[in-house]
Asker: 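Handing you a structure now.
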Amino acid sequence: MKPITITAIHLYPIAMPYLEPLRTSFGQEPFKAAVIIEVVTREGSSGWGEASVEINPGYGSETMGTGYHVLQEFLLPLLLGQTITSPTEVPAHLKSVRGNKHAKHGLEAAVWDAFARVNALRLADLLAAYLPAGHASKGYAWVGVSIGIQPTLAATLEIIHKRLAQGYERIKLKIKPGWDVELARGIRQALPDVMLMLDANSAYTLADVAHLQQLDAFDLLMIEQPLGDEDIYQHSQLQPQLTSRICLDESIKSADDLRLALQLGALRVLNLKPARVGGFTECLEIYRVCVAHDLPLWIGGMLETGIGRAANVALASLPGVTLPCDISATDRYFDPDLTEPPFVLQPGSRLAVPAGAGIGVTLQRERLQAAVAQWETTRPYSLG
Ligand code: OSB
Ligand code: MG
């Protein structure tokens with residue numbers, strides 16, 4: 001494959017209104033924020049990545065402020081001028097910077113896109129080239145939809161009915177203490193057969209075991225991240241006390257975290273978010289661990305723009321991803337999005353991998369400029 005040489009890297013802090021915000025156990029972001037990253041190559045193609053940082057350090061510790069700062073001051077200088085013969089070399093270049101995985105992922109993703117474009121490959125096929133034979137892209141991702149905490153059960157049911165009518169086959173509901181057992185009971189009474197799962201975003205402790213056991217009655221696909229966002233040990237104490245499968249999100253930040261969690265029996269499903277583990281190279285290692293352990297795997301999301309979403313669809317189209325992913329059609333998130341064409345839900349609750357090289361979608365420069373201007377006018381704090 002042709003190497004690429006990185007001649008410039010541009011950062012674009014953006015803000016965009018959500019069509020439907022997502023209220024979680026830790027709150028709600030007022031608008032979509034991210035740092036969009038453009039990697040310019042000597043070979044003539046630009047690659048695009050999204051650092052899926054949020055405004056508040058509620059999901060993870062990174063924010064727009066830390067993401068922009070760490071990229072600008074520390075990560076960009078490590079890649080500028082480098083010749084890359086494989087995108088899997090990127091983590092070694094960035095190794096001297098600890099943590100900051102959302103920022104690193106955005107940068108690595110832009111390199112993957114540039115490398116795939118220069119080599120006229122879809123990102124999905126480039127990723128598959130690093131996996132054993134038999135792991136070619138299926139050409140589509142099987143997806144569901146994530147629904148935030150609503151004021152009432154009736155409001156929740158209304159949104160679920162709308163999403164089911166659109167064709168989503170799996171519903172994920174955000175829960176928190178006081179908005180859990182009655183919610184699940186109400187949904188199950190109305191919709192006995194819907195593929196349903198709950199995401200607590202770390203809202204409970206081991207003192208809540210008896211409470212969480214009540215959720216076992218509702219035939220859930222899984223319960224996501226009930227306990228601490230850094231915790232693996234306590235989840236291993238909880239899992240044997242539940243019949244529902246525990247899915248870990250926040251607390252699996254590397255392949256080694258996953259190996260430890262498997263050893264301890266802390267999870268039975270993994271939500272793999274590229275942003276959370278610091279890049280696609282780490283994603284590929286985690287994918288291999290899941291395949292080796294027959295661990296059900298799906299790809300999570302951070303309400304990405306078309307840039308980050310297209311990359312997630314590529315990963316989600318690999319056959320080791322066995323459960324519906326948190327990647328929804330463009331009209332669940334933004335109007336307009338930053339990219340064309342939009343992702344449209346297909347029969348079978350699927351999103352197709354676009355045919356074009358790299359992430360396969362085209363950034364709309366004028367919309368990017370509008371989103372940058374939007375950040376400047378609505379930003380809750382300055383980036384320095
Ligand atoms: O916990 O999975 C989560 C979005 C932001 C932060 C955390 C989470 C989420 C989602 C979004 O659930 C799913 C999506 O991108 O559609
Ligand atoms: Mg989650």
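This structure is a prediction, so every number in the text was calculated from the model and none was measured. Numbering of ligands and ligand atoms starts at 1, following listing order.
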Asker: Counting heavy atoms only, which part of N201 comes closer than 4.0 Å to ligand 1: side chain, backbone, both or neither?
Answerer: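 The part of N201 near ligand 1 is the side chain, not the backbone.
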Asker: Which protein non-hydrogen atom lies closest to atom 15 (O) of ligand 1, naming both residue and atom, and how far is it?
Answerer: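 Here the nearest protein heavy atom works out to L303 N, 2.8 Å.
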Asker: Which heavy atom of the protein is the closest neighbour of atom 16 (O) of ligand 1, given with residue, atom name and distance?
Answerer: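 Going atom by atom, the protein heavy atom closest to atom 16 (O) of ligand 1 ends up being Y333 OH, 2.7 Å.
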Asker: Flag the pair E43 and K2 as a salt bridge only when some basic side-chain nitrogen lies within less than 4.0 angstrom of an acidic carboxylate oxygen.
Answerer: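 Salt bridge flag = no for K2 with E43.
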Asker: Can you tell whether the side chains of E38 and R365 come within less than 4.0 Å, N to carboxylate O?
Answerer: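 Judged by the 4.0 Å cut-off on N to carboxylate O distance, E38 and R365 do form a salt bridge.
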Asker: Ion pair present between E29 and R23, side-chain N to carboxylate O less than 4.0 angstrom?
Answerer: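 Salt bridge between E29 and R23, a charged N being under 4.0 Å from a carboxylate O: no.
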Asker: State whether E224 contributes an N/O/S atom found under 2.8 Å from the Mg ion (ligand 2).
Answerer: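 Checking E224: at least one N, O or S atom is under 2.8 Å.
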Asker: Looking at D180 and K176, does any basic side-chain N land under 4.0 Å from a carboxylate oxygen?
Answerer: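 Between K176 and D180 there is no salt bridge, as every charged N stays at least 4.0 Å from the carboxylate O atoms.
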Asker: For ligand 1 and D199, I'd like to know whether there is a polar contact (N/O to N/O, distance under 3.5 Å).
Answerer: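 Yes.
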Asker: Would one find an N, O or S atom of E250, in either backbone or side chain, under 2.8 Å from the Mg ion (ligand 2)?
Answerer: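 No N, O or S atom of E250 is closer than 2.8 Å to the Mg ion (ligand 2), so no.
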Asker: Measuring from atom 3 (C) of ligand 1, which candidate in M302, R332, K273, E20 has the nearest non-hydrogen atom?
Answerer: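 Among M302, R332, K273, E20, the closest heavy atom to atom 3 (C) of ligand 1 belongs to K273.
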Asker: For atom 9 (C) of ligand 1, tell me which residue out of S146, A200, G301 has the closest non-hydrogen atom.
Answerer: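 When every heavy atom of S146, A200, G301 is considered, G301 comes closest to atom 9 (C) of ligand 1.
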Asker: Tell me, which N, O or S atom in D199 is closest to the Mg ion (ligand 2)?
Answerer: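 Nearest N/O/S atom: OD2.
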